[in-house]
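Okay, so here's the structure we're looking at.
Computed over heavy atoms, backbone and side chain alike; hydrogens, waters and symmetry mates excluded.
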Amino acid sequence: MKEYVIEEDCGRIGLYTALNLLLTVSLMLLSIAFYAVNQYLLAFFGVTGLWFSVKAMCRFGKKLLARRPVCELGRDQITIYSLPGKPKEMKYSQVKEAKMMRGHSSLKLFFRGDQVTHPSGWYYVGIVYPFKRAALDGVEENVVKCLKKHGIEIKKIEKEKK
């Protein structure tokens with residue numbers, strides 16, 4: 001059972017999908033135009049960019065349609081969906097250290113444990129809410145409360161000011 005679910009900002013994902021669609025159409029037209037005037041190298045670069053923009057557009061579109069959350073804090077484990085591949089699961093007893101960094105429109109969570117497969121030794125959960133900034137305070141409060149309930153003290157990292 002889930003104690004707290006951190007949802008994705010659908011406005012952000014929809015905007016990224018639309019911008020990548022616009023980029024895809026633009027690159028397609030540019031590639032055709034360069035090919036028509038015998039600029040084959042530029043046409044090749046356009047097609048290469050087209051491949052990357054279609055890939056990004058499909059990734060964001062799939063995320064938008066699937067409505068998968070960023071992270072779930074369950075009864076006995078944390079499930080992280082924001083990482084590539086299969087969702088990463090980490091039991092609360094396996095979490096050795098947790099850190100949190102708050103930005104203007106984002107909240108970053110870091111979890112360290114022995115079974116973490118990332119080379120840095122940390123799992124990262126990025127909660128980016130450019131259109132729902134007001135909801136970040138509630139998300140931060142609920143995450144701290146839920147982790148504290150399971151005996152995990154979360155350390156807050158302050159961003160350096162330039």
Side-chain angles (χ1 to χ4, degrees), residues 2 4-74 77-91 94-95 97-140 142-143 157 159-162:
K2 302 163 193 124
Y4 185 63
V5 177
I6 303 170
E7 295 294 332
E8 190 75 70
D9 185 0
C10 292
R12 176 182 70 96
I13 301 296
L15 178 67
Y16 289 176
T17 305
L19 288 175
N20 275 301
L21 176 64
L22 185 65
L23 180 63
T24 298
V25 171
S26 300
L27 285 172
M28 192 181 311
L29 294 174
L30 275 173
S31 296
I32 292 169
F34 284 133
Y35 188 79
V37 293
N38 296 330
Q39 296 292 327
Y40 300 119
L41 183 62
L42 293 175
F44 173 75
F45 288 146
V47 170
T48 304
L50 180 68
W51 183 81
F52 284 109
S53 68
V54 166
K55 185 177 175 181
M57 179 182 61
C58 290
R59 188 181 78 228
F60 286 122
K62 181 180 174 185
K63 219 179 204 186
L64 182 65
L65 294 175
R67 299 263 185 200
R68 283 186 9 176
V70 177
C71 180
E72 290 178 355
L73 302 172
Q77 70 184 12
I78 301 168
T79 307
I80 304 169
Y81 294 99
S82 61
L83 297 172
K86 295 180 185 174
K88 307 291 186 213
E89 294 179 346
M90 190 174 198
K91 298 214 179 288
Q94 296 171 331
V95 176
E97 189 177 2
K99 292 183 180 181
M100 174 188 295
M101 183 187 300
R102 175 73 189 264
H104 178 64
S105 62
S106 67
L107 181 65
K108 298 171 181 129
L109 304 173
F110 302 92
F111 299 103
R112 185 175 67 82
D114 290 334
Q115 85 293 349
V116 174
T117 57
H118 193 272
S120 70
W122 295 84
Y123 278 150
Y124 164 72
V125 179
I127 306 158
V128 183
Y129 284 179
F131 301 114
K132 298 185 342 183
R133 282 188 207 127
L136 274 178
D137 292 330
V139 170
E140 181 179 4
N142 287 330
V143 166
I157 304 169
K159 287 177 90 175
E160 293 181 14
K161 299 203 178 191
K162 295 179 182 180

* To do: Over all heavy atoms of both residues, which pair between S105 and L136 is shortest? Give the atoms and the distance, please.
  => C-CD1, 3.4 Å
* Looking at residues at least two apart in the chain, or sitting in another chain, which of them share a side chain to side chain donor-acceptor pair (under 3.5 Å) with S53? -> T24
* To do: Kindly compute the distance separating CZ (F111) from SG (C71), expressed to the nearest 0.5 Å.
  => 5.5 Å
* Exercise: identify the closest heavy-atom pair between L50 and M28 -> CD1-N, 4.1 Å
* Asked: Any side-chain heavy-atom pair from D9 and V128 closer than 4.5 angstrom?
  -> no
* Kindly compute the distance separating NZ (K62) from CE (M57), expressed to the nearest 0.5 Å. => 14.5 Å
* Which heavy-atom pair separates Y81 from P69 by the least distance, and what is that distance? -> CB-O, 3.1 Å
What side-chain donor-acceptor pairs closer than 3.5 Å can you find for residues 34-43, not counting sequence neighbours?
{"from": "N38", "atom 1": "OD1", "to": "Y40", "atom 2": "OH", "distance (Å)": "2.9"}

* Qualifying salt bridge (Lys or Arg N to Asp or Glu O under 4.0 Å) pairs with a residue from residues 32-54, counting only residues at least two apart or across chains -> none
* Structure fact -> One should read off an interatomic distance between T48 OG1 and L27 CG, to the nearest 0.5 angstrom, of 10.0 Å
* Asked: With sequence neighbours excluded, what pairs up with L29 under the side-chain contact (heavy atoms from CB on, under 4.5 Å) test?
  -> V25
* Pairing residues for F110 by the ring pair (Phe, Tyr, Trp, His ring centres under 6.0 Å) criterion, not counting sequence neighbours -> Y124
* Structure fact -> Value for NZ (K88) from NE2 (H118), rounded to nearest 0.5 Å, stands at 9.5 Å
* Heavy-atom distance under 4.5 Å between the side chains of H104 and R133, does that happen here? -> yes
* **Rounded distance (nearest 0.5 Å) linking atom OG1 of T117 with atom OH of Y123** => 3.5 Å
* **salt bridge (charged side-chain N to carboxylate O under 4.0 Å, His left out) against K55, all qualifying residues, sequence neighbours excluded** => none
* Asked: Quick one: ring-ring contact (aromatic ring centres under 6.0 Å, His included) pairs with a partner in residues 50-70, sequence neighbours left out?
  -> Y16-F60
* Residues that R102 engages under side chain to side chain donor-acceptor pair (under 3.5 Å), provided they are two or more places apart -> D137, E140
* Considering all heavy atoms, the nearest R112-V116 contact -> C-CG2, 4.3 Å
* Asked: In chain order, what residues pass the side chain to side chain donor-acceptor pair (under 3.5 Å) check against S31, with sequence neighbours excluded?
  -> none
* Kindly compute the distance separating NZ (K86) from OG1 (T79), expressed to the nearest 0.5 Å. => 14.0 Å
* Structure fact -> Sequence neighbours excluded, the answer for side-chain contact (heavy atoms from CB on, under 4.5 Å) partners of V139 is Y4, I6, L107, I127, Y129, V143
* To do: Would you please name every residue forming a side-chain contact (heavy atoms from CB on, under 4.5 Å) with I157, sequence neighbours left out?
  => K99, M101
* Asked: C10: what forms a side-chain contact (heavy atoms from CB on, under 4.5 Å) with it, not counting sequence neighbours?
  -> L64, R67
* Asked: Do side-chain atoms of Q94 reach the backbone of K91 as a donor and acceptor pair under 3.5 angstrom?
  -> yes
